[in-house]
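Residue numbers begin at 1 in each chain, while the letters A, B, ... track the order of the sequences. Note that the structure is predicted; figures quoted are calculated from it, not measured.
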2 protein chains.
Amino acid sequence: MTESVPDIIVSRLPVYLRALQRMSDNGITTTSSQELGEKVGISAAQIRKDLSQFGEFGKQGTGYYIPFLIDKLRAILKVDRIWDVVVIGMGDMGHAIVRYQGFSNRGFQVAMCFDSDPDKIGQQVGNFTIRDVKDLAKDVREAGVKVAMLCVPARFAQEVTDKLVESGVRGILNYAPVSLSVPESVKVQHIDPAIGLQRITYYI
Amino acid sequence: MTESVPDIIVSRLPVYLRALQRMSDNGITTTSSQELGEKVGISAAQIRKDLSQFGEFGKQGTGYYIPFLIDKLRAILKVDRIWDVVVIGMGDMGHAIVRYQGFSNRGFQVAMCFDSDPDKIGQQVGNFTIRDVKDLAKDVREAGVKVAMLCVPARFAQEVTDKLVESGVRGILNYAPVSLSVPESVKVQHIDPAIGLQRITYYI
DNA sequence: TAGATTGTTAATCGATTAACAATC
DNA sequence: TAGATTGTTAATCGATTAACAATC
């Protein structure tokens, strides 16, 4: 087994990838650790060290060839494919996520969405019909979906999480403002705007 | 000047506060570093060390009195008041944010919202009328708003950011999938669901 | 009092930076 | 070749953990 890479390094790779894709979109084909570092606010030494965990992707004297580095990072992060994602909770946030156009070129697509409200079940959101959360376990398992975005109210978040885990989901992007408990084999990332704002006001 | 507190400690305080408020809502009045740590997934020693940066908030033998600790954390994070927030970009995400009910008891309220689309300007979203982004600088400065949530497409994010900074905004919660460059005096936090998802798929 | 838990110190662990030989 | 920039090593810096006296 390969020596495991620190989480903190893994967490920076998507930021590098996003910046590289943007440069690529702008027609730029090579960059240096220096230049990339300035764009993302990270030191050049750190970027070189992070990348060197996974291979030798650059050339002395000329830096990194962007299309090649993008391919490598996509493979490392496993977004050299398209992951189906399930969205649970069709409030305003769930709606916005299902209709969001920005996932597809970054490795993800919404595959199905759920709610528990009888008035919402059967309604159309973007290209999807809202399904009954009662069918969540069955539908997720049958479709083999491994990634979920959780947009339900805080009080329902843990019970839905348990159902997702039981159905084979391996990662959850949690929009509910509450910590979730999951087995070690499941990865959770949190999005809570109020926490983001409180991390700002401390410094004002 | 007080010895400055590491960013990483500050970043954990809102997580503690959220868990404590939840416990308080459930009628619990005291907790220990052990119990709080289990809820948020952080070691008891670290919680005690983090809190001790700001004072002695607990009692040996009995732990922490939750209402007292909540008050202290609110004061430290400066959310013992309500901050006006401006939202720029009234797409699906901006809509969801303006209508979100979860800010008010955590220190924030939307004060105004903007878009550049003539079809949207003048429309109603929740209790707000969408304003013309041309008036952004003037309106923000006059109202003295210090915090912004940025929900515009990536290609407009930097120019709007520059306008916000110029108008006295000191913190930006950035939903656009791009790094922003700001003066040191301005704090930025990023929310990018695709980055969250990519931090997950690495481990699957 | 006995048990529990804090705040803090010292030890450990891990991450970042500086520097430079290698080499394109 | 001369200049630029990588990948990597060693040094520095900072964060986490373990342990325990203090004390409620």
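Taking atom CZ of residue F54(A) and atom C1' of nucleotide dT6(D), one finds them 17 Å apart after rounding to whole Å. Protein atom CD of Q46(A) is 13 Å distant from nucleotide atom C1' of dG14(D), rounded to whole Å. For the pair Q34(B) CD and dG3(C) P, the interatomic distance rounds to 19 Å; values are reported in whole Å. Between Y64(B) atom OH and dA4(C) atom C1' there is a gap of 13 Å when expressed in whole angstrom units. Taking atom CZ on F57(B) and atom P on dC24(D), their separation rounds to 17 Å, with Å as the unit. Atom CD1 of I66(A) is separated from atom P of dT5(D) by 13 Å (rounded to the nearest Å). Look at NZ on K72(A): it is 17 Å from P on dT6(D), rounded to the nearest Å. Between the C1' atom of dA15(D) and the CD1 atom of I47(B) lies a distance of 15 Å, rounded to the nearest Å.
A donor and an acceptor atom, one from each side chain of Q109(A) and D84(A), are located under 3.5 Å apart. Between the side chains of Y203(A) and D7(B), at least one donor-acceptor pair of N or O atoms lies under 3.5 Å. A donor-acceptor contact under 3.5 angstrom links the side chains of R48(A) and S33(A), judged on distance only. Counted by atom type alone, Q46(B) and D50(B) present zero donor-acceptor pairs between their side chains at under 3.5 Å. In summary, the side chains of Q158(A) and D162(A) do present a donor paired with an acceptor at a separation below 3.5 Å, with no hydrogens or angles considered.
Atom NZ of residue K120(B) and atom CG of residue D132(B) lie 13.0 Å apart, to the nearest 0.5 angstrom. Within the model, atoms CD of Q198(B) and CG of L73(A) stand 9.5 Å from one another, a figure rounded to the nearest 0.5 Å. Atom CZ of R18(B) and atom CE of M23(B) lie 11.5 Å apart (nearest 0.5 Å).
The nucleotide whose nearest atom lies closest to any side-chain atom of K59(A) is, among dT16(D), dT16(C), dC24(C), dC24(C). In this structure, of dT6(D), dT8(C), dT17(D), it is dT6(D) that holds the atom nearest to the side chain of S32(A).
Between I8(A) and S33(B), the residue anchored nearer the 5' end of DNA chain C, judged by the nucleotide with its closest heavy atom, is S33(B).
An OP1 or OP2 oxygen of dT16(D) is reached within less than 4.0 angstrom by a side-chain nitrogen or oxygen of R12(B). One finds no side-chain N or O of T62(A) lying less than 4.0 angstrom from the OP1 or OP2 phosphate oxygen of dC24(C).
Proximity of D192(A) to R106(B): side-chain heavy atoms (C-beta onward) are separated by under 4.5 Å at one or more points.
Taking a pair as Watson-Crick or G-U wobble with both distances under 3.5 Å, the runs of three or more consecutive pairs in DNA chain C are C:3-24 with D:3-24.
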Close N or O pairs between protein and nucleotides 18-23 of chain D (under 3.5 Å):
from    : atom 1 : to     : atom 2 : distance (Å)
dA19(D) : N6     : R48(B) : NH2    : 3.2
dT23(D) : O4'    : Q60(B) : NE2    : 3.3

